[in-house]
Structures are given as C-alpha cells and as structure tokens.
Asker: 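If you scroll down you'll find the structure; I have some questions about it.
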Amino acid sequence: MLDMGFEPQIRRVMYAVRPTRQTVMTSATWPNGVKRLALSYMKDPIQVSIGALDLTASHTVHQTIVILTEEEKRDYFYNFVRNMGEDDKIIVFCGKKAAVTDITSDLQVSGVRCDCLYGDKPQEDREQAYLDIKSGYNRLLIATDLASRGLDIDDVTHVVNYDIPKNIEEYVHRIGRTGRAGKYGESISYFTRRDWAHASELIKILEEAQQFVPEELRIFADEHAAWKERRDREGPPRGGFNRGRGGGGRRW
C-alpha cells in the first residue's frame, strides 16, 4: 500500500483509532518506508522475524536472466508464449500500463487467451481477471506491479519480467508469485542496457540463491559503478547523461 501511494489514508485510519490500541504490522520485506511507518505508530514494539531480514529471493524459484536489446524483447517474448506447455500458468510483469494493454491486445488478436491487470482497470474487471487466471480459464496474465503482491495463486509456473522493476525489492515480490505452496517455479527476466543501474543488486540476489549470473550482467554492474565514480568525481555533464541504446543480444 505504501508503494501505491496510500500512506496518507493509512495515517488517517491510524489517527482515528484509540491510542490504547494493540497494533500488529506484517510485511514480507522490511524497507525504510515500512520501518518509518512502524516507528510512527508503535510504542516499544516486539519484532518477530521469519527467515533473514536481508532482502532475499525464494529458493524455490529458478531465476533466469536473459540479456537483450529493447528491440529484441517483443519477439523473444512471443516466441516464449508460442512454446508454452499445456500446464504452464504465467504472470508477465511490465513497467507501464501502456505496455500491458499493448501486449495483451496483440496476443488476443493472435488468438492467445489472456487477460491483463493494472491500477486503472475497474474493480469488477480486476476481480474477473484474477478469478480467470486462478481457475485456469486463462493461463496468461499481463500485469503491472499491482499483481506483484497479495495474489493467492499457488500454481503459477512462470513469472516473466518483461520490464525490470524500478527497485530490487519489487523484483523479489514479483518472482515470489511462483514457487509457492511447496512447488517450484521459474522466473525469466529480460535485462537490457537501460536497466544497468540494477545489475549490482540483482547479482547479490542471484548469488544468495545460488543462481547463474550472466557475465554481461557483471559487466553492466562494473560499467555502472565506474560511471557513478566518474560522476561523483567530475559532476554530471551539462547536457545530461545519455545511457546509450546498446546492450548485448546474447541469451544466457
């Protein structure tokens, strides 16, 4: 709810509750926003942690990073959809609503049964999209980060990060939609050069889960670290920094 901008509403609810209340807060992760909210409304709290406090991905999810250019992503994804297995159930995450609706429309025109989920969609349509993927009527759901938390679907076989999220915490939540309820799942993430700022954090998540780290991902991390060092030393260029449009096309 914090990520979706509901903190003012949360605070209004808390102000309306009597001060002698007992409060329980739960969070899958412990980012600074949640810490700040907890300190604002709790007195002498007791913290109960299940697992590590460090940000880690589920070890029941096999993580695959595919290094592509932006221009290659669409064809690569459509080829993946064409090769879906009969028992596959897939959630695809895009960074923007426009990409969600565009990909959904293309797939539906091509005869692929699927639906989409995003914030501006009417509530009844959101609920129907959720019920259709949960029941198996649809086996493909295209969504924004609205679907990265709270969806109770225990048989999702794959999560596809068509766009890399803006922060690594959201990546962990996204891939956690699969590999649930004692099952194993697979996440496939399309990484392009414009995502290079996330390479270092992503490597840590992969290494902690003992997943393969593509060499090009390490190169992106090193290049971004070198650029940050130069920027801090010299200051940003007058015309702004252009990250370029490169990025290798190799698959790993």
Asker: Indicate the atoms forming the closest heavy-atom contact of V100 with T104, along with that distance.
Answerer: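 Residues V100 and T104, closest heavy atoms: O-OG1, 2.7 Å.
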
Asker: Which is it for T192 and E70 under the side chain to side chain donor-acceptor pair (under 3.5 Å) test, yes or no, and what are the steps along the way?
Answerer: CA-CA 6 Å; T192 70; E70 285 294 328; 2.9 Å; yes

Asker: How far apart are the closest heavy atoms of A99 and D163, and which atoms are they?
Answerer: CB-OD2, 4.5 Å

Asker: What I want to find out is whether D155 reaches K89 closely enough, with some N-O distance under 4.0 Å, to be called a salt bridge.
Answerer: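 Salt bridge: yes.
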
Asker: Less than 4.5 Å apart, side chain to side chain, heavy atoms only: is that true for Y118 and I142?
Answerer: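 Sidechains of I142 and Y118: no contact.
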
Asker: Is any side-chain N of the basic residue among K97 and D120 closer than 4.0 Å to the acidic one's carboxylate O?
Answerer: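 Judged by the 4.0 Å cut-off on N to carboxylate O distance, K97 and D120 do form a salt bridge.
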
Asker: Using the ring pair (Phe, Tyr, Trp, His ring centres under 6.0 Å) rule, take F93 and Y162 through it: C-alpha gap first, then chi angles, then the decisive distance, then the call.
Answerer: CA-CA 6 Å; F93 287 101; Y162 188 90; over 10 Å; no

Asker: Determine the minimum heavy-atom distance between C116 and A129, stating which atoms define it.
Answerer: O-CB, 3.7 Å

Asker: For S105 and Q108, does a side-chain donor sit closer than 3.5 Å to a side-chain acceptor?
Answerer: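 The answer is no; no qualifying pair exists.
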
Asker: State, without any angle test, whether Y137 and Q128 hold a side-chain donor-acceptor pair at a distance under 3.5 Å.
Answerer: no

Asker: Would H158 and F80 count as a close aromatic pair, with their ring centres under 6.0 Å?
Answerer: yes

Asker: Closer than 3.5 angstrom, by distance alone: can the side chain of K183 be matched with the main-chain N or O of T178 as a donor-acceptor pair?
Answerer: no

Asker: What pairs meet the salt bridge (charged side-chain N to carboxylate O under 4.0 Å, His left out) rule with one or both residues in residues 74-86, with sequence neighbours excluded?
Answerer: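 Sorted result for residues 74-86: R74-D102, R74-D106.
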
Asker: May I ask you to check whether Y190 and Y76 place their ring centers less than 6.0 Å from one another?
Answerer: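 Ring centroids of Y190 and Y76 are less than 6.0 Å from each other.
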
Asker: Got a salt bridge between R193 and E223, using NZ or NE/NH1/NH2 to carboxylate O under 4.0 Å?
Answerer: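 Yes, this pair counts.
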
Asker: Would you call D115 and K121 a salt bridge, taking side-chain N to carboxylate O under 4.0 Å as the test?
Answerer: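 Yes, D115 and K121 are salt-bridged.
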
Asker: Can you get from Y184 to I65 by hopping between Ile, Leu, Val, Met, Phe, Trp and Tyr side chains that sit under 4.5 Å apart?
Answerer: no

Asker: Would you check if there is a donor-acceptor pair between the side chains of E208 and H59 at a distance under 3.5 Å?
Answerer: yes

Asker: Begin from the C-alpha positions of L141 and Y130 and carry the test side chain to side chain contact (heavy atoms under 4.5 Å, CB included) through to its verdict.
Answerer: CA-CA 9 Å; L141 179 69; Y130 165 72; over 6 Å; no

Asker: Hey, is the main chain of T69 close enough, under 3.5 Å, to the side chain of E72 for a donor-acceptor pair?
Answerer: yes

Asker: Got a donor-acceptor contact below 3.5 angstrom from the N161 side chain to the I164 backbone?
Answerer: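 No; judged by distance alone, with no hydrogens or angles, the pair does not exist.
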
Asker: Check R218 with E207, please: is the shortest side-chain N to carboxylate O separation under 4.0 Å?
Answerer: yes

Asker: May I ask you to decide if L151's main-chain N or O and R177's side chain share a donor-acceptor pair within less than 3.5 Å?
Answerer: yes

Asker: Please check if the side chain of S58 supplies one atom and the backbone of T60 the other of a donor-acceptor pair under 3.5 Å.
Answerer: yes

Asker: Give a yes or no answer on whether the side chain of R180 reaches the backbone of G176 with a donor-acceptor pair at less than 3.5 Å.
Answerer: yes

Asker: Please check this pair: side chain of E229 against backbone of W227, looking for a donor-acceptor N/O pair closer than 3.5 Å.
Answerer: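 Not confirmed, E229 side chain does not pair with W227 backbone.
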
Asker: Provide the closest heavy-atom pair for R126 versus G119 in the form atom of the first, atom of the second, distance.
Answerer: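 Heavy atoms of R126 and G119 come nearest at NH2-O, 2.6 Å.
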
Asker: Check the side chains of S148 and E170 for a donor-acceptor pair under 3.5 angstrom, ignoring hydrogens and angles.
Answerer: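 S148 and E170 do have a side-chain donor-acceptor pair below 3.5 Å.
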
Asker: Does E169 offer a backbone N or O that forms a donor-acceptor pair with the side chain of N167 under 3.5 Å?
Answerer: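 A pair under 3.5 Å: yes.
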
